[in-house]
Structures are given as structure tokens and as C-alpha cells.
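Chain naming here is simple, since letters A, B, ... match the order of the sequence lines and numbering starts at 1 in each.
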Amino acid sequence: MKNIKKIIILDFLAIQSYLTFKNFAIYFVFAMLYGLISKTPITVLYTLSFAAVLYSSYPYFVGDESGIDALYKIFGIQAKSVVFGRYIFMYLMNLCAILMGIIMFLMINLALKQPVQLEGWISLSAGFLSIFLVSTGISLLQFPLFFKFGYAKGKILTIMPMMLVVILTAIVMGYFGDYLKKMNLEAIDPISIISFVGVVYLIVLVVSIRSSIFFYLKKEL
Amino acid sequence: MKILISNHSSIPLYEQIKNAMREAILSGDLKEDEKLPSIRAMAKELKVAILTVKKAYDALEAEGYLVSRQGLGSFVAPKNLELEREERQKELEAHLIKAVSIARQFDVSKTEMFELLDYIYESENNEQ
Amino acid sequence: MNNRIEIKKLTKHYETFFLDDVSFKVPKGYITGFIGPNGSGKTTTIKSILSLIHQYKGTILYNGQDICGENKSYVEDIGIVMDSTFLAKDWTIKNVERAMSVGYSNWDQHQFEDYLKVFEIDQTLKVKELSRGMNTKLMLAIAFSHQAKTLILDEPTSGLDPIIRDEFREILQAYVEDEEHTVLFSTHITQDLEAIADYIVFIQGGKIYFTGSVDDFLNRYVIVKAGLDEADTIEASAIIGSRQYHTRFEAMILREDLPKISDHWIVEKPTIDQIMVFHKRGNN
């Protein structure tokens, strides 16, 4: 546990030089403007979550550039702790992005004078949650590849699983689209949808962490 | 104590250190029972390996110039007149051997050498 | 327990090169020099000691404990200076200090700042802006600032000028003065070793050729010289390495083989460099 905490702080230090005020300001202004112009404040969350996915991958980028992987080993930190640290770091980044996003979302709503109704909040929360699940899900797909191949190669290879997801979705929609429409999704118990998504997400999470540990343990520096 | 060592000498480093320390002991520069620097401090001082100094200390101990006391370090051994005399005699012999070899080169006879010795002894007595 | 590090039958295969049955000891409280030509396996061996590499055959003991377990905290006990830096290139020295204080549980900030002053390292510089020599000095400052009992240095002096190297040797000698601190020092600048190393490990082509005291190493071999006409009077099996010039023949043999050559040949004590060169050259 102590070592996991170390990794989170060290990863933060490693990418600190990229977390500049200027970079934040660009994301902030871009997200704000886009939200205001498009009059769909939820886009703010897309932008910020995208930033979180990007920043979560930076420790690997720094690892490619200089030997911080070796540094962590020299500190006597085990491969397992590094993996857990990176995942927790990624979740923290995404949490920050979502929280920031919600605050900005409310600000834009105020500016556009579109107060959210109570019923609106339920579907909005579902929206926030799904953005969170998708952006962390992307990282879950990326991380094992980063641990195995490093940042540069991993980045290219992560396109493959993501393409796979897109293609699968397209196929599913193409073949079963009509059927799905007929199914009348609204009628399905929301709890079973949530538990289905939850189970799928958990499986992805466990497989991702296990393969990351497996790959990283094998890695030699 | 004066220790001058040369990295380019044909005499091994440890022997140079040993000789310099023996000289310091015989000349009285190092007093009886005086504590010597630790092997490691001496190595640092002379910029040589620890094992080199250790070898010199061990040799000096074997020859009776040093004693090591468990946990306290190395000390100059109590004066051993016999040892000292023997040492000086060796030195004297070495000089005489050299003198004789020079004498032979110039065909100086044994008798002439004795005369020379007598003369040197006499003149020294007169000076005193 | 008198050995800080003990390596037993370390074997590792790469496509272009391998470590073959490497065994040696690093005695506690002394400076051990690790020598060999470039690409002979020094860095691979050192990386194995640090668990940066872990897929190998053989055993490595640190303070008598096998290092292959899951707990790698022994590495914290080792100060490391290597050719490649382990620091993020965009870090300033201040960032480095912060990272070290997080990573090392025994980090001593004041000591680090003192060494920065001694080595004249500007705290506002970034890692990527440091020269090679500065980089080595920064690694040294780090190594000395976390109470490491062992120093492992991989080619530390190759980027340093003679003045700093002299200073560096003094620092190492002061480091081992307390009989506890231990140094393993890989280098091809052998003058640094002839002066201060106590033991030598000589590796070439992934194989260990000698381990023992520097004195024994230097006394093990002699260089012999003779005219070309006499070159073949010495039996080939006795020659470790040789070279023919237009005017003379030079060879390195074991001192114990001295009776095998005629006594008017010139006989010389070799330097560490010469031993390495003749070993590499072989007899041809």
C-alpha cells in the first residue's frame, strides 16, 4: 500500500511538467466555448474526460523517454505496486475530470439560463456515469498494451481493440438494429441494464489489471 | 611520519609503505606505543588500496615493529634493541658491500680500504 | 557474512551475446573493480544484481539473501550510478529531489544539498540540460544521500575530467573507511582501479576470467619481449595473448610459466590495461 502511494505521487511528479496552467487553460476555454456555442453543456465532460485519458497515458510516455520504470525498480517497488498505482492514478484523473466537468456544466447551464429539472438529473447522472465508464474503459484497454510495449508502440496497438469495439458495435447495430428498436429498451428494467454494464465493466477491469501485471512482471529494463 | 611513495617505482607499493614506516619507527619519529592511523584511514591518506596498506601493516607486525590490539588498532611495538641493532647492522652491511664493489672497480686493495677506514675513524675522533 | 554480494552461476542468453556461468563475490567493506571490454556483460550483470533483469539462471545473494523473492526492498540499500539516467528528462534538480524523497525512505535532503554544492550542480537546471559529467555527479549525489550501504557504479568516470576523477576516488575511499560500506565499480578506465581497488573481477565475452585481489591479478601475468627470431621458441599453449611487431615479439604469459622462456627475454609486470588487451587479442 505504501508503495502504491509512492507510485501515484511519483507518476504525478513525472508528468508534472505537462500539467501546466497553459494546457489546462486551453482545455478549459475550449470546453467552455464549445459547450456554450453548441448549447449542449454535456460536451464539456467529453472534452475533459478525453484530457484525462490522455494524461493517464503520460507516465508511460515519460517511461519511454527516460528510465523512470528503472527508477521505480531502484526504489525497490514491485511490479504489482506499479500496476496498481497506475490504475488508481488513472481513476483519480478521471474523477477529477468528471467533477470539474460537472462544475463547468452547471456554470454553462447558468449562463444559458437552462436550469435542470429534477427528472433531468437522473438521466444526466446516467450520462455522467457512462462518460466515466467509457473514458476509463479506454484506459483499461490501453494499459496492458502500454505495460507490454511501452507508450509509442502501445499507442498504435491500442487503436486495434478500439476499432474492434467500433466494428462490433456497427455489426451489432447493423444486424440487430431493428430488433433492438422493437425490443423497446425503455421497457427493460433499468437495474438489469445497470447490472449488465457493471458486470461487463468489472470483467474488463479484472482482465486488464491481470494482464498488465503479467506483462509488466516479464518486462526487463 | 613521512611516507613518500612512487607509483612508477619498481618496488611494490606495499613495500614502499612498509619501508617508510619502519624508517619512521627506527628514527624515533614514531614513538613506542604510539597509535597508528587505521588501515583504512592510511589507505585514504595515501590514495592506495586498503589491501595494500593491510599487507604493509601485516608485514611490519610479522617483523615485530607493530603490535595490533583487538578492537583498538595498531601500535608501535615496544622498542626492541636487538631488532633495531640487527636492522642497523643490515644497513651497514649494505653500505659496505657497495663500498667494496666500488673499491674493486678501481683496484683499491683490502689494506688500502682498512687504511681508509682507520683514517675516517681517526678524523671523526679528532673533530669531536 | 563477509560478502555483500555473491553471484553464483549467473547465465543469461541474448541473441547476440550471453552471460555464461558468471560467479563472483563482492566482499563487504572493500572496493571491487569490475573490468572488461565494452559489451563483455558488465552492465547485464549489474542490471541483474539490481533486479532490473530477472529472467536468468543462477543465484544472486545480497547480504546472504536470495534476491529473487517478491520483496525487492534490498535495492533501496544500494546507491547506483549508471550510464543511462533514471530521471525524467524534464525534471529540474528540485523535482529530482522531490522524487527521491518520495522514493527513498532514508532520504537526507541536507546531505543532497551539500553534495550539490560540492559538485557545483545548478539546482535550476533540468535533467536534459546536464552534461554527461554533471549527470554522473548528480547520480553520485543521489547515491550518497540515501544512506546506501553499497555503491554500484557502472562506468561512472567515463564522462569525468581528471580533476573530478581524483576527487571521486577520494570520496570512494572515504566511503569505505568504516568497514561496512562496499563498492562495486565497473569501468574501463583502469587507472582509477589500479590506485584504489582492492579486488578485481575480470569478465570478457560473458565469462569470468579472474576474481581476486588486484595484487594477485597483476602478479598472475608477465609480459615477455624478444626478437622475432625467437618468437617460436615459446610453446604456443603458454601464450595468453601475443603481438608481432616489425622489430620484436611481445606476449603475455602466466608468471608460473616463466621458466618456459629463455632467460635473456625482457620480462615486465603488466598493467590492468595490458592484461585486458592481451586477453582480448589472444594468440595468433
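More than 12 non-hydrogen atoms from other residues, nucleotides or ligands lie less than 6.0 angstrom from OH of A:Tyr18. The environment of A:Tyr34 atom OH is sparse: at most 12 non-hydrogen atoms of other residues, nucleotides or ligands sit within 6.0 angstrom. Other residues, nucleotides and ligands contribute more than 12 heavy atoms inside 6.0 Å of the CZ atom of A:Phe215. More than 12 heavy atoms of other residues, nucleotides or ligands sit less than 6.0 Å from atom NZ of A:Lys219. Within 6.0 Å of CZ in A:Phe21 there are 12 or fewer heavy atoms belonging to other residues, nucleotides or ligands. With a 6.0 Å radius and a threshold of 12 heavy atoms from other residues, nucleotides or ligands, A:Tyr91 has its OH atom above the threshold. More than 12 heavy atoms of other residues, nucleotides or ligands shown are found within 6.0 angstrom of OH on C:Tyr74. Within a 6.0 Å sphere centred on CZ of A:Phe196, heavy atoms belonging to other residues, nucleotides or ligands number 12 at most.
Side-chain atoms of C:Val102 and A:Phe75, non-hydrogen and from C-beta on, never get closer than 4.5 Å to each other. In this structure the side chain of A:Gln78 reaches within 4.5 angstrom of the side chain of C:Glu70, judged on heavy atoms.
Between A:Asn3 atom CG and C:Ser73 atom OG the span is 9.0 Å, to the nearest 0.5 Å. Interatomic distance, A:Gln16 CD to C:Arg98 CZ, rounded to the nearest 0.5 Å: 5.0 Å.
At a 4.5 Å heavy-atom cutoff, the contact between A:Ile9 and chain C is made by side-chain atoms alone. Proximity to chain A is absent for every atom of C:Met82, based on heavy atoms less than 4.5 angstrom apart. If you measure heavy-atom distances from A:Tyr72 to chain C, you find no contacts under 4.5 Å at all. When heavy atoms are compared at a cutoff of 4.5 Å, A:Lys5 does not approach chain C at all. Looking at C:Lys89, the atoms closer than 4.5 Å to chain A (heavy atoms on both sides) sit in the backbone and in the side chain alike. Of the atoms belonging to A:Ile77, not a single heavy atom falls under 4.5 Å from chain C.
One N or O on the side chain of A:Glu220 and one on the backbone of C:Gln55 form a donor-acceptor pair closer than 3.5 Å. Proximity of a side-chain donor or acceptor of A:Lys6 to a complementary backbone N or O of C:Gly103 within less than 3.5 Å is detected.
For C:Phe86 against A:Leu71, the heavy-atom pair with the smallest separation is O-CB, 3.5 Å. When every heavy atom of A:Lys73 is checked against every heavy atom of C:Leu52, the shortest pair comes out as CB-CD2, 3.7 Å. Between C:Ala88 and A:Val62, the shortest heavy-atom distance links the atoms CB-CG1, 3.7 Å.
Contacts with chain C were tallied for A:Ile74, A:Ile68, A:Leu10; A:Ile74 has the most, counting heavy-atom pairs under 4.5 Å. Counting heavy-atom pairs closer than 4.5 Å to chain A, the top residue among C:Asn71, C:Leu87, C:Ile78 is C:Leu87. Considering only heavy-atom pairs separated by less than 4.5 Å from chain C, the leading option among A:Ala79, A:Ala70, A:Gly76, A:Gly63 is A:Gly76.
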